[in-house]
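In what follows, a single structure is set out as structure tokens and then discussed.
Naming: A, B, ... by sequence-line order, numbering from 1 per chain.
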Amino acid sequence: MAEEEFTDINGNSISLDCQTRSAFCREFTVTSPKLSLRKVMVYTCFVWLFAYAVFFFTENTTVLSSAIMLTLAGMMIHIHFVKVDHETLLIIGSLGVQLSSSCASGRESTIFIEMNKLKDIVINEAVYMHGIIYYLCILIKDPADPETVTSVVPLFQSSKPRLNCLVQVYRSCQEILAQSR
Amino acid sequence: MVLKIFFPQCCNTADSGLLVGHWIPGHNSAVVLAVIHYPFIPGQVKKYLSELQSQTQVDLTVLGSWSMPKEGKEGMDSFLKDLSTIFPQKCWLQLSREIGKRGFICQGDKIILIHYDQRKVMLSQLHPVQDVSQKSDIEPSELRLVFQTVAQSQPLFFLDKYDDGPLKLTHWQSEGREASIIAELLKQASVPVCIFLTWLLSLWHWFLLFISSKLSTCVQSGYRAVHFKTVFSPKKAATHMEFMRKANIFVSFLLDIALGLLLISWLYRENRISKLADTLVPVADRVAKELQELLEWLMGAPAGLKMNRALDQVLGRFFLYHIHLWSSYIHLMSPFIERILWYVGLSACLGLTFALSVLSDIVALLTFHIYCFYVYGARLYCLKIYGLSSLWRLFRGKKWNVLRQRVDSCSYDLDQLFIGTLLFTILLFLLPTTALYYLVFTLLRLVVVLFQGVIHLSVDFINSFHLFAIGLRICRPYRLAEGVKFKVLCQEPGTPLHLMMEINPLKCSSVLQCYRTPTYSCYPKDSWAALCKKLFVGELIYPWKQKTDKTD
């Protein structure tokens, strides 16, 4: 178990949790910062003040109730679909790699990539807006044609950790992949 | 190399015995399918396994031994070692579990124990679906082989603990076979019913061949007949896709009938159908009156354009007489309309798609005069355009060579030139009048075609909506699997790694994409450019092509 202070590319602090389950099985969890209560209150107050101002001019109560419905619906959609709580990478030697991302409401979406489809795990550079960022990705190959890379699956897309965090994950994964080759 | 053992959850608490399963070739992994308990006779075990092997085409072998010692029973270790000599294996597994502990103990290191739910894996289907029968170059992956093995070993799970055979097995069905009397009775009754229905359908199909394929009702009923042939064929569905297709067609047919009955109950409740029939004749009259006014407008000076008086009057009177004939036919039919509509409305019990097709046909019949006018206008315009192009060539001294399919120069006599030029001038000056009539009636016809197209699209949607696949995804998500997900179970030191394998169900969007029923979808026959060219030249257009139902 190891926990250190890392940040993502925007400067928000995230945390990385490495767990070694066995000699050839490791699990990495990157946790994003939680939903900030202050932001939620600011947005809600803004929307409701605006709705109250409109109500003041139009004297129509449906404006108020629709503002309430809108806020509730927006919050539910944000929690269930947009806000990612933590992302997990589970690497099991000679079986495969599992990526899972879990949202703030508890909804989990999981992908499992088998070892015969996995060519390598690498850190790539990308030009993003006005800067260069690093991201960890899995190179997928077709088992019938082992030399060509058919697709690239980027990892930790919502948390976007910085290079120091990625290097730690990369080194651990390469140890396990070296064993299974 | 790491050894992977797929262990069914139902055998977690089984008594000691032999592990029976299948070694996955090339992947250093084994799937445990059942546990045979003591006492047993090794000869009978071997006989049973070879029988099952010929039934299931799965290479079943004894994988190793399983020991879960109860209180008072000890000293099994040496007995278990002797077993490995009776059942020779290149690799003998020895799993054991102690009471009170959750982890298994296994000989050797580098072992992963993957627990799976046997029933769910047996019923599940991995997507993208690969046909077992087709020889593909792609080597099936390890997980696919595991799923295939469990699915193909169904005969192994028929023996349960109440059978008085020589062997006692533990698997997911050993507590008692799942069956229901109603399902069994239905299965027995379905074969003769299917044969009878197939015979009926062949008669109906033969009858339909006589009726023209222009009426969309007949097309729809022919289409349904083809569907039923698929569903009611006495042959059992061999592959997963065939089964899904049959089930989808059956469920969508039931939904169709339900919607049709709903429509009937709404139509006939407050005698709405006779109210509808009462408004039908005035609507037809109104349409006829509007057309008459339109023709009067064309016969005058429409939009300020100056028409050729004589031609205008001729065409206008011709079309007006048609409208007069049409409205007299409608008035002749009006006492019977209510009865006819009442009986036709009952046909909605055959399904909502039927009712919509009947509606489309009624609209086509009511606007038959528009169709006629369009055909007359188009033919006239087409003739004019061809005449003009041919005489234009004559005007320039050229000729169309039919043999060589090209334009050649030609020397004409003076008489030919004179008459040709005269005719050319006449046709050219009559062009605006004909063109205007053609334009107006083409637009009207396109409006009707658009409306019919919308109805056909909705019929198509009802036909192809696969409610069964979506229902299966919602109620039994493990049947349609996109992949698997693993969860690490908490382990004790000294035990190998335990993982729990669960099924990752298919995403709803993939369900919609994967299981579309192929239909006779209406799509435009020509591209926009070809359509415009046809309109310009005056060829008759039939914009919706109905492709025959091919299994895509």
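Of the residues considered (B/Leu497, B/Leu499, B/Asn504), B/Leu497 shows the highest number of contacts with chain A, using heavy-atom pairs under 4.5 Å.
By a heavy-atom distance cut of under 4.5 Å, B/Ile111, B/Ile112, B/Ile114 are the residues of residues 111-121 of chain B near chain A, going up by number. Chain B is approached within less than 4.5 Å, heavy atom to heavy atom, by A/Leu90, A/Ile92, A/Gly93, A/Ser94, A/Leu95, A/Gln98 from residues 75-103 of chain A, ordered by number.
Looking at heavy atoms from C-beta onward, A/Phe24 lies in side-chain contact with B/Val2 at the 4.5 angstrom threshold.
Within the model, atoms NE2 of B/His498 and OG of A/Ser22 stand 11.0 Å from one another, a figure rounded to the nearest 0.5 Å. Summarising the geometry, atom CE belonging to A/Met115 is positioned 12.0 Å from atom NE2 belonging to B/His27; distances are rounded to the nearest 0.5 Å.
Both the backbone and the side chain of B/Val484 come within less than 4.5 Å of a heavy atom of chain A. Both the backbone and the side chain of B/Lys110 come within contact range of chain A, judged by heavy atoms closer than 4.5 Å.
Each salt bridge (Lys or Arg N to Asp or Glu O under 4.0 Å) pair with one or both residues in residues 469-481 of chain B, not counting sequence neighbours, would appear here, but there are none. The list of side-chain hydrogen bond (donor to acceptor under 3.5 Å, both in side chains) pairs with a residue in residues 1-14 of chain B, not counting sequence neighbours, reads B/Lys4-B/Glu142.
Crowding of A/Glu59 atom CD: a count of heavy atoms from other residues, nucleotides or ligands under 6.0 Å exceeding 12.
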